[in-house]
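Here's the structure, in structure tokens; my notes come after.
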Amino acid sequence: MPELPEVEYAAAVARRVAVGRTITSAKVLHRSLRRALPARNARSLVGDRVDGIERRGKTQFFRLMSGRALAVHFRMTGDWHVSADGEPLPRHARAYLGFEGGLRLVLDDPRALSVLSLCAPGQGAADHLGPDADDPAFEPVSLAAALRTRRAPIKIALLDQRVVAGLGNIYTVEALWQARLNPRTPAHQLAVARLRQLVRAIRRVLAKAARNAERYYGAGASSPSRFAVYDREGKPCRRCGASIARMVQGGRSTYFCPRCQR
DNA sequence: CGTATCCTGACC
DNA sequence: GGTCAGGATACG
């Protein structure tokens with residue numbers, strides 16, 4: 001799943017193709033994406049120019065010359081595919097932007113859950129997001145303040161983008177293992193000292209993911225897991241050897257070591 | 001707080 | 001042919 005490091009990588013790809021270039025074509029190919037970006041809105045992108053692409057949490061913002069911004073969220077399975085005009089589109093092409101010079105940025109998304117939307121000039125679309133998980137502003141003391149009233153399990157709280165932006169299921173689970181924290185611990189019970197370990201673990205997990213050159217689709221299903229706990233139910237904990245357990249929290253799988261995460 | 005919804009490929 | 005996966009959002 002694209003989380004902060006993968007979205008940052010995708011944004012870098014998009015920057016190379018789009019920044020400084022005028023949009024020559026824009027089309028939404030799937031009904032589900034037209035809910036947020038109707039055909040007329042897509043058409044209005046033609047003639048505008050991409051001045052820059054920023055990432056906040058898991059959202060990419062294409063800053064346009066007109067003052068508007070195109071927000072792109074990959075959700076589960078979205079990714080950019082780069083091709084030249086006239087080349088066949090990938091099987092799960094859901095939308096594309098064509099640019100001056102002949103390159104095309106194609107949104108490739110099997111499940112078609114990605115969201116494209118236009119933000120009017122001055123419309124702050126990232127206001128509801130907490131600090132980015134890889135930003136220095138994400139630190140233990142302010143995290144403690146954000147969690148003070150939260151009785152939900154820490155796993156659930158970390159997935160709330162208002163608390164911290166950019167974490168998804170996989171790296172949240174990995175960071176909790178790294179920090180030896182029980183995912184069920186009520187968030188407000190964690191002292192700053194424990195949160196310091198957690199923040200450090202999150203930074204470490206994200207930095208490792210960012211260094212990883214392979215894309216998230218790249219690893220074959222049979223290759224050894226690059227995760228310490230995610231999707232390793234019943235396999236030995238890489239720290240203590242106990243059997244990795246799985247539970248469901250908020251409808252999503254949490255993997256953890258029942259022995260060394262307390 | 002929990003649960004349904006979107007969407008489709010993968011898997012039994 | 002039924003179930004599962006899950007980010008964000010909407011709702012009870």
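Naming convention: chains lettered A, B, ... in sequence-line order (proteins, then strands); numbering from 1 in each chain.
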Distance-only side-chain donor-acceptor flag, A:Ser25 / A:Arg104, under 3.5 Å: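 Side chains of A:Ser25 and A:Arg104: no pair found under 3.5 Å.
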Touch class at under 4.0 angstrom, heavy-atom based, for A:Arg94 against every strand present: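 Since only primed, P, OP1 and OP2 atoms lie under 4.0 Å of A:Arg94, the category is sugar-phosphate.
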Sugar-phosphate only, base, or nothing, as touched by A:Arg34 at under 4.0 Å among non-hydrogen atoms: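 No contact at all - A:Arg34 keeps every heavy atom at 4.0 Å or more from the nucleic acid.
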Main-chain N/O of [Y] paired to [X] side chain as donor or acceptor, under 3.5 Å:
{"X": "A:Gln161", "Y": "A:His128", "result": "no"}
{"X": "A:His188", "Y": "A:Thr149", "result": "no"}
{"X": "A:Arg63", "Y": "A:Gly52", "result": "no"}
{"X": "A:Arg211", "Y": "A:Leu206", "result": "no"}

Presence of A:Ser32 side-chain N/O under 4.0 Å of B:dC6 phosphate oxygens OP1/OP2: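 The answer is no; no side-chain N or O of A:Ser32 sits under 4.0 Å from OP1 or OP2.
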Rounded distance (Å) that lies between atom P of B:dT8 and atom CZ of A:Arg111: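 Rounded to the whole Å, the gap is 11 Å.
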A:Arg204 CZ: over 12 foreign heavy atoms closer than 6.0 Å: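 More than 12 heavy atoms, drawn from other residues, nucleotides or ligands, come within 6.0 Å of this atom.
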A:Phe74 ring center near A:Trp80 ring center (under 6.0 Å):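 That pair passes the under 6.0 Å test.
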Qualifying salt bridge (Lys or Arg N to Asp or Glu O under 4.0 Å) pairs, either residue in residues 183-196 of chain A, two or more places apart: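 Qualifying pairs, neighbours excluded: none.
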First-last contacting nucleotides on DNA chain C - partner chain A, under 4.0 angstrom, heavy atom: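 With heavy atoms of chain A under 4.0 Å away, the range is C:dA5 to C:dA8.
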Stems where DNA chain B pairs, listed by first number, each of three or more Watson-Crick or G-U pairs under 3.5 Å: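 If one scans DNA chain B for consecutive Watson-Crick or G-U pairs, the stems found are B:1-12 with C:1-12.
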